[in-house]
Amino acid sequence: MSWQAYVDDQLVGAGFAGAAIIGLDGGSWASKNLNLKPGEGQKIANLFKNPANAYAEGITVNGIKYLCVKSDDRSIYGKKAATGVNCVKTSKAVLIGIYAEGFQPGQAANTIEKLADYLISTGF
């Protein structure tokens, strides 16, 4: 399956309003309905080097700053009103999903974490 297919089918197809897969260097591998602004991918990838910084800095995706509600060396989640963002690191990539009002945060987390588990199991 291509990176774009993972974004289209496993993330946006499962309910995320937009999604992307980026490398650990912040470079975009695939995206749909989510256009990271210059420097955002690198900044998100760098948050995983010191996840506690996400609480102070927030998570900026697509020009929107989200309040960090969870941050560890694997997952960083943010909220803004009824919307949110989930970022999950695998060994070679970061999955990013933004969700709109109506997509439950728990469902969003479950969806993106399962895809991350699968990619980790295949060496990514």
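Every value quoted in this text rests on a predicted model; they were computed, and no experiment measured them. Position 1 is the first residue of the sequence; numbering continues from there.
- By the 30° and 60° cut-offs, the orientation of the rings of F16 relative to F103 is perpendicular.
- Residues C68 and K70 share a closest heavy-atom pair of SG-O, 3.4 Å.
- Here CG of D73 is found 11.0 Å from CG of N50. Values are rounded to the nearest 0.5 Å.
- Rounding to the nearest 0.5 Å gives a distance of 8.0 Å between CD1 of I96 and CD1 of I112.
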*Output, in order, the C-alpha distance, side-chain angles, deciding distance and verdict of side chain to side chain contact (heavy atoms under 4.5 Å, CB included) for V85 and I64.*
CA-CA 10 Å; V85 62; I64 299 169; over 6 Å; no
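- Here the closest heavy-atom approach between residue A116 and residue R74 is recorded as CB-NH2, 3.6 Å.
- Between W3 and L119 there is a side-chain heavy-atom pair separated by less than 4.5 Å.
- Taking each heavy atom of Y99 and P105 in turn, the nearest pair found is OH-CB, 3.5 Å.
- Note on V12: it does not cluster hydrophobically with V94, by side-chain heavy-atom contacts below 4.5 Å among ILVMFWY residues.
- Within the 4.5 Å cutoff, no side-chain heavy atoms of T111 are placed close to those of N86.
- Considering only heavy atoms from C-beta on, L24 stays 4.5 Å or farther from F48 through its side chain.
- The pair D9-K32 does not meet the salt-bridge criterion, since no charged nitrogen lies less than 4.0 angstrom from a carboxylate oxygen.
- Hydrophobic clustering, with ILVMFWY side chains joined whenever heavy atoms are under 4.5 angstrom apart, keeps L36 apart from V88.
- How far NZ of K65 is from OG1 of T60: 6.0 Å, rounded to the nearest 0.5 Å.
- In this structure, T90 contributes its side chain and I120 its backbone to no donor-acceptor pair below 3.5 Å.
- For the residue pair N62 and L34, the shortest heavy atom distance occurs at OD1-C, 4.2 Å.
- The shortest heavy-atom contact between G26 and A45 is N-CB, 4.2 Å.
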*Dump the intermediate steps for side chain to side chain contact (heavy atoms under 4.5 Å, CB included) on Q10 and L95, then the final yes or no.*
CA-CA 11 Å; Q10 303 297 315; L95 310 179; over 6 Å; no
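- Of all heavy-atom pairs spanning E113 and Y77, the tightest one is OE2-OH, 2.6 Å.
- Residues I76 and Y66 are members of one and the same hydrophobic cluster, defined by side-chain heavy-atom contacts under 4.5 angstrom among Ile, Leu, Val, Met, Phe, Trp and Tyr.
- Atoms CG and CG, on L115 and L11 in that order, are 5.0 Å from each other to the nearest 0.5 Å.
- Other residues, nucleotides and ligands contribute at most 12 non-hydrogen atoms within 6.0 Å of the NZ atom of K80.
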*Walk me through it: do C87 and I59 pass the test side chain to side chain contact (heavy atoms under 4.5 Å, CB included)?*
CA-CA 9 Å; C87 305; I59 307 117; 4.2 Å; yes
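- A tilted orientation is assigned to the rings of Y118 and Y6, their planes being inclined by 30° to 60°.
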_Set out, in order, the CA-CA distance, both residues' side-chain angles and the distance that settles salt bridge (Lys or Arg N to Asp or Glu O under 4.0 Å) for D72 and K89, then state yes or no._
CA-CA 10 Å; D72 57 40; K89 181 179 173 275; over 6 Å; no
*For side-chain hydrogen bond (donor to acceptor under 3.5 Å, both in side chains), just list the numbers for K43 and N46, CA-CA rounded to whole Å, side-chain angles, deciding distance to a tenth of an Å, and then say yes or no.*
CA-CA 5 Å; K43 189 165 184 174; N46 285 342; over 6 Å; no
*Verdict with reasoning, V7 to W29, per side chain to side chain contact (heavy atoms under 4.5 Å, CB included)*: CA-CA 10 Å; V7 168; W29 292 5; over 6 Å; no
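- With hydrogens and angles ignored, the 3.5 Å screen pairs no side-chain donor or acceptor of Q42 with any backbone N or O of G27.
- Interatomic distance, NZ of K92 versus CD1 of I21, reported as 14.0 Å (0.5 Å rounding).
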